[in-house]
Amino acid sequence: MSLLVVDPGALSTVQDLGRLGWAHLGVPRAGALDRPAAALANRLVGNPTEAAVIETTMTGLRLTAERGHWFVVTGAPCPVRVDGVPAGHGQPTWAPAGSAVEVGAAETGVRSYVAVAGGIAVPPVLGSRSTDTLAGVGPPRLAAGDRLPVGTPLGPPQAHDTPRPATPGPLRVHPGPRADWFGPDALDRLCDADWSVAADSDRVGLRLRGEPLVRARGGELASEGMVLGSVQVPPDGQPVLFLADHPVTGGYPVVAVVPADDLHRCAQLRPGDLLRFRRAGLPA
Amino acid sequence: MQVIPVGPEAALVEVGEADAALGLALWARGRVPATEIVPAARTVLFDGLADPVALAGQLADWPGEAPTPEGEVVEVPVLYDGPDLATVAETWGLDGPDQVAGRHTEQEHLVAFCGFAPGFSYLTGHPALPEVPRRDTPRARVAPGSVALAGPFTGIYPSASPGGWQIVGRTEATLWDPTREPAALLPPGTRVRFVAA
């Protein structure tokens, strides 16, 4: 038992690569929303990519290291302190036994990632340590007083460059399986509009506001399987872009699908941020 | 059978109805290299495909049949005392709510697919009976173990949740336990007999 949660902030969860292969039983995949940031954090402290990390949301968190650990914070830029002394974002840092580790509020973006050498070693559920916030599979969201076990470090911290993508362009989209429900120009309408990120966006999905996508046909869709990155359109025409904790089936038509490689950017979009789409395969 | 691409790594296969979807999903498991094979009401989703374009060819040998139920029958004891027995009795043209249990238990059911929540199974079994409408207003909280009907399906709520299905009874069976192997009591393809408790 090696990390004590003092204050979990707004929402902090344990995440790894997610829980694949169980969708047919109704189990969401979960996993870190900003996968490149989580993977970088693991590399920096010498962990394998599949090690579990802590994902914070806007407000950061505070921990006590009950034993000495190497740790690092990546993702949304934020102040990091050990016993009040500033440490670098993206820079492996030694937290001595008994020290207070403070991950501050995100300066930009939403989600920061805390990796500890050895990985967060809570017991896996169905092959993953990820918290699924939709259905409650995996460890519960972190609460004050929780003690998180840490695994055995595999090697020393690693030095890496930690660049972030400079100016993110529009998210790429492929036509969805039900694009025809919105008429032949559905993807054009999706790509021509500015979409605003709504405040009720979460790990389940990015809820978008804009000119409604009106259906070209009536009728109900029988529930069908949904993939990560699906842009599902409820009757009000305001799309929901499904992220890691999305339901495995859904009853609203999917107009478009964002490829998984683009989804990490959605992890860092704040309410009110503007978002645009462009057709995959066409120049930006 | 129609194969619809879903982004660069997945495809949705339309087969028309739930029994055929189950048949295709069971047939494809172990034959098609997919991360997820998800049957639903009229479709099967194949996700995590290296080459979605190759899927149609990989499915060409599927005989297109509904599955022949295999494996042991799981008995699910149900106390038929639900609040919506009268609605179901009326829909089915029965003389009274006390006749629902007899009709519901007389035929073997089959788990067609799961969804909505982990371990929530959609069971088919009464093709000849009229479909049961959902409640006009969903309940804010349905208790775990509630046995309920909607459309052609029977479902059992594994955990407390909102729900719009017509509740006919309750069971003490544990539908979902991720520490158990298997985690879901009733995965797709399971034969089920409801027994009046």
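Side-chain atoms are counted along with the backbone in the values below, which use heavy atoms only and exclude waters and symmetry mates. Proteins get letters first, then strands, A, B, ... in listed order; numbering begins at 1 in each.
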Can you establish whether the number of heavy atoms outside [X] located under 6.0 Å from its atom [atom1] is more than 12?
{"X": "A:Arg141", "atom1": "CZ", "result": "no"}
{"X": "B:Glu172", "atom1": "CD", "result": "no"}
{"X": "A:Arg209", "atom1": "CZ", "result": "yes"}

Between chain A and each of [options], count heavy-atom pairs under 4.5 Å; write down the option with the most.
{"options": "B:Ala11, B:Ala40, B:Pro118", "result": "B:Pro118"}
{"options": "B:Ala41, B:Pro8, B:Ala10", "result": "B:Pro8"}
{"options": "B:Gly151, B:Ala184, B:Cys114", "result": "B:Cys114"}

Handout entry: CG on A:Leu275 to OG on A:Ser196, rounded to 0.5 Å
Key = 9.0 Å
Exercise for the section: Select all residues of residues 185-197 of chain B having any heavy atom within less than 4.5 Å of some heavy atom of chain A, and report them by number, or 'none'. Expected result: B:Pro187, B:Pro188
Practice task
Kindly say whether the aromatic ring centers of B:Phe113 and B:Phe153 come within a distance under 6.0 Å.
Solution key: yes
Sub-4.5 Å side-chain heavy-atom contact between [X] and [Y]:
{"X": "B:Glu14", "Y": "B:Ile4", "result": "yes"}
{"X": "A:Pro239", "Y": "A:Trp195", "result": "yes"}
{"X": "B:Trp92", "Y": "B:Arg103", "result": "yes"}
{"X": "A:Pro235", "Y": "A:Tyr252", "result": "yes"}
{"X": "A:Ile54", "Y": "A:Leu142", "result": "yes"}

Taking side chain as everything from C-beta outward and backbone as N, CA, C, O, which of these in [X] sits under 4.5 Å from a heavy atom of chain A? Side chain, backbone, both or neither.
{"X": "B:Ala117", "result": "backbone"}
{"X": "B:Thr43", "result": "side chain"}
{"X": "B:Pro178", "result": "both"}
{"X": "B:Arg180", "result": "neither"}
{"X": "B:Ile37", "result": "backbone"}

Exercise for the section: For the residue pair A:Trp22 and A:His24, categorise the inter-ring angle as parallel (less than 30°), tilted (30 to 60°) or perpendicular (more than 60°). Expected result: parallel
Practice task
Begin from the C-alpha positions of B:Tyr122 and B:Trp165 and carry the test ring pair (Phe, Tyr, Trp, His ring centres under 6.0 Å) through to its verdict.
Solution key: CA-CA 12 Å; B:Tyr122 291 73; B:Trp165 291 30; 5.5 Å; yes
Exercise for the section: Apply salt bridge (Lys or Arg N to Asp or Glu O under 4.0 Å) to A:Arg172 and A:Asp262, showing your working. Expected result: CA-CA 7 Å; A:Arg172 293 173 297 164; A:Asp262 285 16; 2.8 Å; yes
Problem - chain B contact residues among residues 212-228 of chain A, heavy-atom distance under 4.5 Å - result: A:Ala222, A:Ser223, A:Glu224, A:Gly225, A:Met226, A:Val227
Exercise for the section: Evaluate the criterion side chain to side chain donor-acceptor pair (under 3.5 Å) for residue pair A:Thr13 and A:Gln15; output intermediate values, then yes/no. Expected result: CA-CA 6 Å; A:Thr13 58; A:Gln15 298 294 340; 3.0 Å; yes
Problem - Which portion of A:Pro247 sits near chain B, non-hydrogen atoms under 4.5 angstrom - result: neither
